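A, B, ... follow the sequence lines: proteins, then strands. Residue 1 opens every chain. Just so you know, these numbers use all the heavy atoms, side chains as well, and skip hydrogens, waters and symmetry mates. What you are looking at is a predicted structure, and each value in this text was computed from that prediction instead of being measured.
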Amino acid sequence: MSTEKITKALAQTMATASAEEPIPIIVKYRTPVVTAQKLVPGVPPDFRYKLVPAAAMRVRAADIRALSEDESVERIWQDLPVHTCLHESLPLISVPAVWNEGIRGQGVKIGIVDTGVDPEHPDFAHRIAAGANFVRTAASYHDDNGHGTHVAGIAAGDGSVQGGKYRGVAPEATLYVAKVLDASGSGMMSWVMAGIEWAVEQGVQVINLSLGGPPPCDGTDALSETCDAAVAAGVVVCVAAGNLGPGPQTVGSPGCARQVITVGASDKLDDVASFSSRGPTSDGRTKPDVLFPGVDIVAPRAQGTSMGLPVDDYYTKASGTSMATPHATGTVALLLQTKPSLTPAEVKDLLMQTAKDLGFEANTQGAGRADVYQAYLQAAPPPEEPEEPEQPPQPGGCWQAIKRALGMQV
Amino acid sequence: MAQISAELLEKLQSAGEAQVQLIIRTTDDPGKYVTLLEERGIEVQQRYRLTNRLAVQGPADACLSLVSEPWVEAVEEDRPVHTWTA
């Protein structure tokens, strides 16, 4: 057996598999064309690939050993289950279908106004364009709490540490980070307002605010009006509804702001999370606007922090409208890449019009749980119809009738 | 008189020289009033541009005087916010 050709993971599986147990593998050949005689006799391949000279098949460990001796075989991998995203949350809202259209947030600027981020997290470190600190007790925008890193990863992580398993919604977007909350996850409204202004000045197209204060709120406080002013400046602002549900009138500032997208949390069974804050606002407006998944979300963990339930050194699991909101922010990035001319009001309308009605009242679910692919379809320009080639006159049709009418020879 | 909640007004009236943190909304460019505020012992911590506002810190009695200034539209307390992790 050629151990160089067999991956370590496959070798481990072979060592524990029974003699007759079929093992799913992918074989790469040195030759450009995979001919039948290069496959295992009596084992039809599941797939033969054309872009690379390879085939997928299920064979016994002994067959793998024999294959590894074949000079035309270059490498043999175990065919592993694929996890494409943040657990179940992204398929639930049909994000992968948008990725399949080539939309991943490229060129869109996202502002994360939060506890900062871990600037060395491999899932997005190379896509942080700028950062600023507005917390007087902190020295930089580095995340000393963990919340902002988790939020940034949901919105725009690429999941590279785990081979894409915990990929965020817009994995190619650019991040601008404002630290406005301290190591305990708290801050002042005035710090958040400063962070929002900085983000707007950086030219971000969407801002994530997974934060807030307690109700009551009618949208006229300084922070809410700052959010509305950012929207008036052309920036989409996604705000967490809060975690003070299930009672009514539990949305605080800035979730109560008029022009923002206020995000409640749903779970993977499309139920509304009990903690998700409910409307109406104290002046009687319906909130939240829309729901996104916000329960048991695994996303990046900041170095040296323990927010949530750590999965490993690089990821942690957490729940809250804090986690639902960056799903919305990443979605907005996808929509803005699809159609950059969308206004904040149009983005909000798109998300609400295409949301799936879960059957709860409006002050619990807003318009419903977002469906990202449906929103994308509404935003995407219609496919251009190919121009009809000019058809020659058909014999016996109108052309002949005209010729006859004109006394011409038919 | 500027817009202010009854609760905050009462707090400013009773807090004397205790430090308070406020956000004030001005009728026009807030930058015009920075010197005036500093002369009253009120520190301007942040000047905003998206809306006509200033974040200030100072003695409650000095801040109380702002309520009757014609260029002050609204006064509210700078309140804490936090993350929404369940």
Side-chain angles (χ1 to χ4, degrees), chain A residues 114-115 134 136 145 147-148 150-151 180-181 184-194 196-197 200-201 209-214 220-223 225-230 232-233 240-244 252-255 265 273 275-277 294-295 307-308 318-325, chain B residues 1-12 15 18-31 33-34 37-38 42-60 63 66-67 69 71-86:
Chain A
D114 209 288
T115 60
F134 298 92
R136 294 192 180 90
N145 172 276
H147 184 269
H150 201 260
V151 163
V180 299
L181 302 175
S184 72
S186 299
M188 301 301 286
M189 285 169 55
S190 58
W191 305 354
V192 180
M193 290 162 60
I196 292 170
E197 283 203 346
V200 172
E201 286 164 5
L209 292 173
S210 289
L211 51 81
T220 61
D221 63 280
L223 179 53
E225 288 194 353
T226 298
C227 289
D228 284 344
N243 294 351
L244 300 173
S253 172
F275 58 73
S276 189
S277 287
V295 177
M307 192 231 35
S319 300
T321 53
S322 274
M323 284 65 241
T325 305
Chain B
M1 182 170 151
Q3 186 185 330
I4 184 170
S5 69
E7 188 184 6
L8 178 57
L9 184 62
E10 192 181 323
K11 179 176 178 177
L12 294 180
Q19 293 284 307
V20 291
Q21 291 179 305
L22 304 174
I23 297 171
I24 61 171
R25 190 173 79 219
T26 57
T27 51
D28 53 356
D29 177 15
Y33 308 107
V34 172
L37 289 163
E38 286 172 349
I42 299 169
E43 182 191 348
V44 175
Q45 298 193 314
Q46 190 78 38
R47 181 178 150 191
Y48 301 102
R49 291 167 294 275
L50 277 174
T51 61
N52 287 334
R53 281 187 164 92
L54 295 165
V56 300
Q57 179 174 338
C63 291
L66 298 177
V67 174
E69 290 287 355
W71 50 271
V72 177
E73 278 188 346
V75 179
E76 66 183 290
E77 202 161 9
D78 190 7
R79 295 188 300 274
V81 289
H82 54 81
T83 59
W84 285 123
T85 307

Could you pull out the closest heavy-atom pair between [X] and [Y], with the gap in Å?
X        : Y        : value
A:Trp191 : B:Tyr48  : N-OH, 4.5 Å
B:Leu50  : A:Ala233 : CD2-CB, 4.5 Å
A:Ala222 : B:Arg53  : CB-NE, 3.3 Å
A:Ser322 : B:Trp84  : OG-N, 2.8 Å

Practice task
Find out whether A:Glu197 and B:Gln46 are in side-chain contact, i.e. whether some heavy atom of one side chain is under 4.5 Å from a heavy atom of the other.
Solution key: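 Answer no - side chains too far apart.
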Spatial distance of atom [atom1] ([X]) from atom [atom2] ([Y]) [nearest 0.5 Å]:
X        : Y        : atom1 : atom2 : value
A:Asn243 : B:His82  : CG    : NE2   : 8.5 Å
B:Thr85  : A:Leu211 : OG1   : CG    : 10.5 Å
A:Asp221 : B:Arg25  : CG    : CZ    : 10.5 Å

Handout entry: B:Glu10 atom CD, neighbour heavy-atom count above 12 within 6.0 Å
Key =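 Counting neighbours around CD of B:Glu10, 12 or fewer heavy atoms of other residues, nucleotides or ligands fall under 6.0 Å, so no.
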Exercise for the section: Flag yes if more than 12 heavy atoms outside B:Gln19 fall under 6.0 Å of its CD atom; otherwise flag no. Expected result: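 For B:Gln19, atom CD is crowded (more than 12 foreign heavy atoms under 6.0 Å).
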Please classify the contact between [X] and chain A as side chain, backbone, both or neither, with a heavy-atom cut-off of under 4.5 Å.
X       : result
B:Arg79 : both
B:Ile23 : side chain
B:Gln45 : both
B:Arg49 : both

Looking at chain B, which one of [options] has the largest number of heavy-atom pairs inside 4.5 Å, strictly under?
options                                : value
A:Ala229, A:Gly242, A:Ser186, A:Gly148 : A:Gly242
A:Gly320, A:Gly213, A:Ser190           : A:Ser190
A:Met189, A:His147, A:His150           : A:Met189

Counting only heavy atoms closer than 4.5 Å, note whether [X] contacts chain B via side chain, backbone, both or neither.
X        : answer
A:Ser210 : backbone
A:Leu223 : side chain
A:Asp228 : neither
A:Thr325 : neither
A:Ala324 : neither

Problem - B:Thr51 backbone acceptor or donor facing A:Glu225 side chain under 3.5 Å - result: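 No, the answer is negative, given that no donor and acceptor are paired below the 3.5 Å cut-off.
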